[in-house]
Amino acid sequence: MKKIIIILIIVFCLLIFMGGISCLAKEASSPGGMWNTLNDNSKICYILGVKEGIEICMYKLVDWLPGFTTTKEEKAIFFAILEDHSNFVGLFYDEAIVDDYNKFIDRLLTVTNIISDLYKDPANTYIEVSDMCLLASRKLRGEPIDSLLGELRKKALP
């Protein structure tokens, strides 16, 4: 009898656990849902990962530039994208924060808070975190983000 009760308890716990996983999977199925499940430290690590990835990608793209574009229009688009990414990376190499760890962390938290605020709007749920990083960069520099936000919403629709 005790074995049956123990087995029933284990099965019950597994069912509850599996239901919890299912709910988490549904919530995290979009970039915004995933972002909202992270704690501040994980969000900071994610932003640093995006920054490092963009830096590596920028170096490779600059090397590929001669064979990558053929028209003036393509080159203009390429350099606009490169500039946008460079501005995001530049947030963390600003002279005011390079040698001050606390200011560096404050900058990361500011970017994190901007992204979190943007994800509060359900219309932004499917925008990729890397695109949100670029929006946060523009917002920090005082640039308008409404038109780009609208474009990213259209692009990200499921």
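Nothing here was measured: the structure is a model prediction, and the numbers come from that model. All residue numbers refer to positions in the sequence shown, counting from 1.
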Spacing of [atom1] belonging to [X] relative to [atom2] belonging to [Y], to within rounding of 0.5 Å:
X	Y	atom1	atom2	answer
K43	L38	NZ	CG	6.5 Å
R141	N87	CZ	CG	3.5 Å
I81	S86	CD1	OG	13.5 Å
M34	S29	CE	OG	11.0 Å
R138	S147	CZ	OG	7.0 Å
L134	L152	CG	CG	8.5 Å

For [X], which residues count as a salt bridge (Lys or Arg N to Asp or Glu O under 4.0 Å) partner, sequence neighbours excluded?
X	result
K72	none
K155	D131
K51	E55

Q) Closest approach of S30 and T125, non-hydrogen atoms and distance? A) OG-CG2, 2.8 Å
Q) How close do L135 and I145 get, heavy atom to heavy atom, and via which atoms? A)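 Nearest heavy atoms, L135 then I145: O-CG2, 3.7 Å.
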Could you state whether [X] and [Y] fall into the same hydrophobic cluster, counting links through intermediate Ile, Leu, Val, Met, Phe, Trp or Tyr residues with side-chain heavy atoms under 4.5 angstrom apart?
X	Y	result
I56	L82	no
L109	V89	yes
L91	I105	yes
L48	I114	yes

Looking at [Y], is its backbone amide N or carbonyl O close enough to the side chain of [X] to form a donor-acceptor pair, meaning the two atoms are under 3.5 Å apart?
X	Y	value
D94	I97	no
T110	D106	yes
T112	L108	yes

Q | Neighbour count >12 (heavy atoms, 6.0 Å) for atom CG, N39 | A | yes
Q.
For W35 and Y119, take the angle between the two ring planes, folded into 0 to 90°, and tell me which bin it lands in: parallel under 30, tilted 30 to 60, perpendicular over 60.
A. tilted
Q. Taking side chain as C-beta onward, heavy atoms only, is F104 less than 4.5 Å from D99?
A. no
Q) Does I47 reach the side chain of I115, with side-chain heavy atoms less than 4.5 Å apart? A) yes
Q: Start with the C-alpha gap between N113 and S116, add the side-chain angles, then the distance that decides, and say whether side chain to side chain donor-acceptor pair (under 3.5 Å) holds.
A: CA-CA 5 Å; N113 291 334; S116 294; 5.3 Å; no
Q. Can K120 and D117 be counted as an ion pair, charged N to O under 4.0 angstrom?
A.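 Answer for the salt bridge query: yes.
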Q) Any Lys/Arg nitrogen of R107 or D100 sitting under 4.0 Å from an Asp/Glu carboxylate oxygen of the other? A) no
Q: Output, in order, the C-alpha distance, side-chain angles, deciding distance and verdict of side chain to side chain contact (heavy atoms under 4.5 Å, CB included) for L149 and K139.
A: CA-CA 11 Å; L149 187 57; K139 192 168 184 167; over 6 Å; no
